[in-house]
Amino acid sequence: MPALIPLTCPTCHAGLDGESEQVVFVCPQCAAGWMLDDAPGAPVRLRALTIRYAPELRGSALGRPFWVAGGQVQVGRRDVHGRGSQERQAVEQWATPRRFFVPAFKCDLNSAIDFGRRLLSEGPRPPAGSAAPFVPAVVPARDLHGLAEFVIVSLEAERGDNLKTLRFALELGEPELWILP
Ligand SMILES: [Zn+2]
């Protein structure tokens with residue numbers, strides 16, 4: 001059982017309402033964004049979170065929250081069956097820092113990878129709209145790293161050179177939450 005802690009805004013002490021699985025809160029009084037930090041073995045606490053909203057979030061449809069972090073991939077080793085390894089292309093493609101996205105709302109692994117691939121290739125810029133309601137974020141930010149690794153593996157597996165093993169390192173910066181249509 002997770003410990004029950006009173007959720008109040010660390011800035012203005014207003015109560016933060018949310019569903020039981022929710023990991024992100026927006027203060028109804030001062031509009032600050034907070035994420036639940038419940039790393040195993042550490043006391044549960046709230047950490048300040050930057051939330052950016054797409055400008056086109058208007059009307060009745062709720063926005064969808066995505067974890068976003070800048071990342072750098074270093075391809076260590078890429079073994080393939082047979083010849084024609086595209087290791088050089090892989091190293092070149094990942095040489096530039098990228099922005100990784102994964103859904104923070106509830107969705108299955110395949111959909112999460114699809115969203116992650118699409119947004120990685122589209123590379124949207126940080127949105128600067130005004131605050132709008134969004135569906136609850138229930139995926140903890142610490143899952144971003146593992147899901148982003150899934151996205152990288154799924155892209156590399158499609159290179160067409162019969163990938164056998166792939167070793168790489170992924171370094172991610174501080175996560176933000178983007179609310180997209
Ligand atoms: Zn507040």
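Only this structure's heavy atoms are used, side chains among them; waters, hydrogens and symmetry mates stay out. Computed from a predicted structure; not experimentally measured. Whatever order the structure lists them in is the order used to number ligands and atoms, beginning at 1.
For Phe168, the CZ atom is densely surrounded, since the number of other residues' heavy atoms within 6.0 Å is greater than 12. By the 6.0 Å contact criterion, CG on Asp108 is enclosed, its count of non-hydrogen atoms from other residues, nucleotides or ligands being greater than 12.
Angle SG (Cys27) to the Zn ion (ligand 1) to SG (Cys12): 100°, rounded to 10°. Between Cys9 atom SG and Cys30 atom SG, the angle centred on the Zn ion (ligand 1) amounts to 110° (nearest 10°).
With a cut-off of 2.8 Å, the Zn ion (ligand 1) has no N, O or S atom of His13 in range.
In this structure, Glu87 contributes its side chain and Arg78 its backbone to a donor-acceptor pair below 3.5 Å.
When each of Trp178, Phe100, Trp67, Phe105 is tested with Phe115 by the rule ring-ring contact (aromatic ring centres under 6.0 Å, His included), just one qualifies, namely Phe105.
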